[in-house]
Amino acid sequence: MLSTLYNTIEGALREVTGRDEVFLVEGGAHADLASTVAFGLAKQERKSPVEIARDLAARLAKRDDFTEISVEALGPYLNFHFSRAVIERALLEATLPGYGTLPRKEERVVLEHTSANPNGPLHVGHIRNTILGDTLARSFRKAGYPLEVQYYVNDMGRQIAIVVWGFSTLKDTPVHGEKGDHHVARIYIAANRALEARPESVAEVDRLMQQVENGDQATVALFRKAVTLCLDGFTVTLQRLGARHDRFVWESDFIRNGDTARVLAKVSHMEECHEDGKLWLDLSASGFEKEYVLRRSDGTSVYAARDLAYHTWKGRNFDRVIDVLGADHKLIGAQLIATLRLLGEKTPEIVHFEFVSLPEGSMSTRAGKFVSADELLDEVERRAMEEVTTRRPELPETERRAIARSVALAAIRYDIVRISPEKSTVFDWKEALDFERQSGPYIQYAHARACSILEKAGEFEECIMLENEHEMALARQIIRFPMVIESVVRELKPHLLAAYARELADLFNAFYHFEPVLKSEGMTRRSRLTLVRATQNTLAEALQTLGIDALRTM
RNA sequence: GGGCUUGUGGCUUAGCCAGGAUAGAGCGCCGGGCUUCUAACCCGGAUGUCGAGGGUUCGAAUCCCUCCAGGCCCGCCA
């Protein structure tokens, strides 16, 4: 609805100015939309931008399609305001379940995220991937796209070979109640230590890798067992994080089904291809000086080759391919894209996120230096439980526990998704345990307050009559929601949604403080209740898209 | 050494791609607000050479160049 108005204004500006680019942007405090096109025209027409803006405003105001839009020139700026009727109509839509869901699209999207190597538990770095990916996934579904979420299981890497070697050669005393992924990490760390002490054993690891690529039954079974043990642990963590994958795609499948061999055969006919024992591509024409090696001289494939097969498959089965990957994959990702382009295959859109480090330095699974997602969840839940118990001692323990779990997840997810991915961060317990402003629980709290009002109000007849600036500001924010969803999937920026939800909570809190709802009367009361319902519904939809529970009480 | 990327009040951060109206927030700090719809809240105040320098432009946090600092990458690992 609002995007229609945007198009109307943009079209009108283009007609009136004869320019393609009319600089139409959000007007902030000044207007609903604003344009700075007068500056550009000033030079061309040799008149002052103020004069031009005044002229344009006068011409635009006369148009038939501007019945619901008012336009004014403020200095050199053109400011557009939507009529109250437009805002009020949009607001009524916002009270309906599913608000913000965009029309169904045909384009099939595949989104890969997390895809951590199964050699130890997910840590606070991996879950940045999970949370960015899952929020994007929820946004795509909200935006009407048929979507499949995939986890790419690196089940034949050197790391896994080391785990398998560790399990078969080291003494393993089981720890009671230990999750599979933590067990695997313990073995992986010990195996690395053992290999450092006995470098001659490295050959045994190499042999395992060759055997698995050749399809040796016993070795394949050992790899599968180790990977499954770790993956089962991941599944539990991912579920706690509220993230769901539709499909786990195993890397080794692309060896077994012949896809890797096929793609290598195709690659070998490329003019960029060189074979001198190893098989590699010269991508210097695409700006990469390093050799892009796809097959070792012993005949085994490398990760890049299997990745090429995986992405070829994705490109042929989906219309849009999106990967969420760590910044360490930037180079290999760019090489992958360059190669797919040369092969004439569809290329993925890659969202890279920068690393999360610890105050004492970067994380390392191999060295055992990491904060696992499980410990983070446990600790934040423990703190949340303390908080809930202080605030709501009267609630039964099971209910407090459930609220604490939701609050903890909200704190963790929001803390991560609010930061744009290109920023490298340092993990900080104090921030992770903060439930105050600019946090997930803060937004949940605004929602719970709205629910509380609505519950006390009982039945009422909806109507909208916006009377003051608090109401208007809140209403304007509510009706932006569908456009925010659209921006998130267009720009692949989930933090836009995080910022939106927080601003909505801010505006609701101000409204809540200054404008009594239940104590007002008549039309004012009904209108404010309608506004509360629209806010509650929009917050609930936004929170759900962020993967955060919209608690009715807390 | 080369490539990519980040640098915004004491701390964390939005805005940068598509230059424009007083650079938005939060934490912390100072002051105020709970017999009133959940104070995980609200209101007011102090704090900014937007890393440094140059350039383009009527106009630069935003575009270009140089430099400085942090992160990541540069393997027949994944």
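Proteins get letters first, then strands, A, B, ... in listed order; numbering begins at 1 in each. None of these values were measured; they are calculated from a predicted model.
A sub-4.0 Å separation between OP1 or OP2 of C76(B) and a side-chain N or O of Tyr303(A) is absent. Taking 4.0 angstrom as the limit, Tyr442(A) places none of its side-chain polar atoms (N or O) nearer than this to OP1 or OP2 of A39(B). Regarding contacts with the backbone of C76(B), every side-chain N or O of Arg296(A) stays at 4.0 angstrom or more from both OP1 and OP2. Residue His513(A) has no polar side-chain atom (N or O) positioned under 4.0 Å from OP1 or OP2 of C37(B). Under 4.0 angstrom from either OP1 or OP2 of G26(B) there lies no side-chain N or O belonging to Ser439(A). Distances shorter than 4.0 Å separate some side-chain N or O of Arg437(A) from OP1 or OP2 on C42(B). The phosphate of A14(B) has OP1 or OP2 within less than 4.0 Å of a side-chain N or O from Lys423(A). Not one side-chain nitrogen or oxygen of Arg158(A) sits closer than 4.0 Å to the OP1 or OP2 atom of G75(B). Contact between the side-chain N/O atoms of Arg449(A) and the OP1/OP2 oxygens of A39(B) is found at a separation under 4.0 Å.
Judged by distance alone with a 3.5 Å cut-off, no donor-acceptor contact links the side chain of Asn509(A) to the base of A39(B). One N or O donor and one acceptor, one from the side chain of Ser297(A) and one from the base of C76(B), sit under 3.5 Å apart.
A60(B): no Watson-Crick or G-U partner with both key distances under 3.5 Å is found in any strand.
Nucleotide C41(B) holds its C1' atom 11 Å from the CZ atom of Phe508(A), rounded to whole Å. For the pair Leu208(A) CG and C77(B) C1', the computed distance is 16 Å after rounding to whole Å. Protein atom CG of Leu496(A) is 15 Å distant from nucleotide atom C1' of G24(B), rounded to whole Å. The distance between atom NZ of Lys290(A) and atom P of G1(B), rounded to the nearest whole Å, is 16 Å. If you take CD of Glu289(A) and P of G75(B), they are 13 Å apart, rounded to a whole angstrom.
Nearer to the 5' terminus of RNA chain B, by closest-nucleotide assignment, is the contact made by Ser452(A) (compared with the other of Gly157(A) and Ser452(A)).
Using atom C1' as the reference point in both U5(B) and U49(B), the two lie 24 Å apart (nearest Å). Using atom C1' as the reference point in both G53(B) and G10(B), the two lie 26 Å apart (nearest Å). Rounded to the nearest Å, the gap between the C1' atom of A21(B) and that of G33(B) is 34 Å. Comparing the P positions of C42(B) and G28(B) gives an interatomic distance of 13 Å, to the nearest angstrom. Nucleotides A25(B) and C63(B) have their P atoms positioned 23 Å apart, rounded to a whole Å. Taking the C1' atoms as reference points, C43(B) lies 23 Å from G48(B), given to the whole Å. The separation of U6(B) from C64(B), taken at their P atoms, amounts to 11 Å, rounded to a whole angstrom. Annotation: A14(B) and C50(B) have their C1' atoms spaced 12 Å apart (nearest Å).
Between Phe39(A) and G20(B), a base-stacking contact is recorded: ring centres under 5.5 Å apart, planes less than 30° from parallel. Stacking between Tyr77(A) and the base of A21(B) is present: ring centres sit under 5.5 Å apart and the planes differ by under 30 degrees. Ring stacking is absent between His495(A) and A14(B), as the pair misses the limits of under 5.5 Å between centres and under 30 degrees between planes.
Side-chain contact, Thr524(A) with Glu521(A): no donor N or O sits under 3.5 Å from an acceptor N or O. No side-chain N or O of Asp549(A) forms a donor-acceptor pair with one of Gln444(A) less than 3.5 Å apart.
Within the 4.5 Å cutoff, no side-chain heavy atoms of Val302(A) are placed close to those of Arg295(A).
In the set C43(B), G19(B), A21(B), C43(B) carries the atom at the smallest distance from any side-chain atom of Phe514(A).
Proximity of the aromatic rings of Tyr152(A) and Tyr310(A) is defined here by a centroid distance below 6.0 angstrom, and this criterion is met.
Salt-bridge annotation for Arg502(A) and Asp506(A): present, with a side-chain N of the basic residue lying under 4.0 Å from a carboxylate O of the acidic one. We find that Asp323(A) and Lys314(A) are joined by a salt bridge, their nearest charged nitrogen and carboxylate oxygen being less than 4.0 Å apart.
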- [ ] Test side-chain hydrogen bond (donor to acceptor under 3.5 Å, both in side chains) on His352(A) and Asp328(A) and set out the steps.
- [x] CA-CA 9 Å; His352(A) 288 289; Asp328(A) 54 338; over 6 Å; no
